[in-house]
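Below is one structure, written out as structure tokens, with a few remarks after it.
In each ligand, atom 1 is the first atom listed, and ligand 1 is the first ligand listed.
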Amino acid sequence: MLATELFSRRSETKRNDFYTIATLGSHSALQILKGAHDEGFNTLAIASRETERLYRSFAFVDEVIIIDRYSDFMLLVPELEQRKVVIVPHGSFVAYLSLDDHRRMNVPYFGNKAVLEWEASRELQRQWLTRAGLTLPRQFTTGAEIDRPVIVKLYGAQGGKGYLFLRNAQDFEMRAGELARQNYILQEYIIGVPAYIHYFYSPLTGKLEIMSMDRRYETNVDSLGRIPAAAQENMNIEPSYVVVGNSPLVLRESMLAEAYRMGEDVIRVSQEICGPKGLFGAFCIETIITSEAKFYIMEISARIVAGTNPFIDGSPYSYLNYSEPMSTGRRIAREIKNALLSNNLDAVLDDSYVA
Ligand code: AMP
Ligand code: AMP
């Protein structure tokens with residue numbers, strides 16, 4: 001049956017022989033599965049015992065499979081390989097599965113796995129972003145070089161947990177003992193406001209869209225301003241950067257052109273370094289904007305980020321493009337649908353998949 005017929009018939013009933021969009025029950029799964037449902041797909045949440053009831057409570061989740069731990073996802077792969085499933089990866093996939101796990105799963109996978117290596121290595125990521133003309137915070141290789149405030153980023157730290165703020169080289173000296181056994185980078189601390197810009201690049205049309213933006217709510221750094229500096233003096237509070245949620249943001253419009261350019265350049269360079277498909281689908285550039293309105297880039301996330309969650313009903317930017325509720329999750333499902341309708345599903349899947 002033609003994909004067009006499948007989509008038109010589906011408005012009435014769900015069809016078992018049609019594609020299912022599957023993801024791990026965490027991070028941005030609700031948004032992804034709601035978007036998939038709204039675009040006419042079957043939906044599957046792979047959840048843990050603790051999260052199962054939550055995912056079952058939503059009518060747009062057609063099926064829930066339970067695993068003990070998210071890292072057990074690979075045990076399910078043989079079953080998924082037998083089904084018509086497209087996996088939409090999000091932050092929990094990179095947090096709980098290894099690069100090797102990603103490579104080993106022969107399941108249709110939305111996105112280009114080659115990008116993972118460039119993203120996972122801080123050095124490669126730096127090369128990629130610098131080549132795209134983006135400005136990155138300075139990096140120091142030894143404590144002695146530190147001549148300004150720095151943030152110490154431990155390797156493998158998730159969601160800003162375990163980051164340290166150091167004012168100067170003396171601070172570093174005092175912490176040198178505890179840092180000696182760890183792998184970390186020393187990055188210039190940029191004073192400004194964090195802004196996370198969410199993009200979608202369509203491999204089908206070659207068009208880049210700004211989908212939305214967020215700012216993160218991080219504990220405890222976002223509450224330190226609530227305690228007067230004088231009162232903090234003897235309290236020995238260490239700032240930490242553990243994300244607990246996100247709130248919407250719109251950018252001053254005169255800064256939008258630069259945000260768009262950064263997205264375009266990141267895509268262009270990705271096509272030079274990660275094979276011709278490069279980076280496609282959803283991605284996020286994590287920035288800090290200084291008082292000179294300059295964007296410093298902390299990181300890139302090469303897939304949907306949880307900062308898109310405030311926009312399940314669409315954002316001001318996605319409204320400009322669609323005039324209907326268009327979350328990033330739904331945009332992904334629409335791309336998969338458009339690919340199916342033009343008989344070109346491969347264009348939106350990682351190339352390693354063999355049917
Ligand atoms: P989780 O499944 O919640 O442990 O998240 C997996 C990864 O995504 C972790 O690295 C988290 O730090 C990151 N993450 C989860 N939720 C958010 C959020 N709301 N904003 C930013 N990052 C997040
Ligand atoms: P990341 O793990 O890179 O997303 O960083 C987590 C949080 O640490 C960010 O949301 C910022 O609040 C903070 N952060 C990271 N890098 C820097 C930096 N170079 N300057 C200032 N704050 C930073």
Checklist entry - Is the NZ or CZ atom of Lys153 positioned over Tyr184's six-membered ring, under 6.0 angstrom from the centre and within 45° of the axis? => result no

Checklist entry - Does the side chain of Glu335 pick up a donor-acceptor pair with the side chain of Tyr201 at under 3.5 Å? => result no

Checklist entry - Is the closest heavy atom of Tyr96 to ligand 1 under 4.0 Å? => result yes

Next on the checklist: Does only the side chain of Tyr163 get under 4.0 Å from ligand 2, or the backbone, or both, or neither? Count heavy atoms.
Outcome noted: side chain

Checklist outcome for this item: Looking at Ser28, Gly307, Ala306, the heavy atom closest to atom 16 (N) of ligand 1 belongs to Ala306

Item to check | Ile190-ligand 2 polar pair, N/O distance under 3.5 Å | outcome: yes

Checklist entry - Backbone or side chain, does any N or O of Tyr241 fall under 3.5 Å from an N or O of ligand 2? => result no

Checklist entry - Which option, Ser301, Ala95, Cys284, owns the non-hydrogen atom nearest atom 9 (C) of ligand 1? => result Ala95

Checklist entry - If you count the atoms of ligand 2 from 1 in the order shown, which ones are under 4.0 Å from a heavy atom of Glu299? => result 1 (P), 2 (O), 3 (O)

Checklist entry - Which ligand 2 atoms, with their elements, are less than 4.0 angstrom from a heavy-atom of Glu188? => result 18 (C), 19 (N), 20 (N)

Item to check | Mode of Arg216 contact toward ligand 1 - side chain, backbone, both, neither (heavy atoms, under 4.0 Å) | outcome: side chain

Checklist outcome for this item: So for Tyr196 against ligand 2, with non-hydrogen atoms under 4.0 Å, the contacting part is side chain

Next on the checklist: Tell me the contacting part of Ser92 for ligand 1: side chain, backbone, both, or neither, using a 4.0 Å heavy-atom threshold, strictly below.
Outcome noted: both

Checklist entry - Is the ring centre of Tyr96 less than 6.0 Å from the ring centre of Phe73? => result no

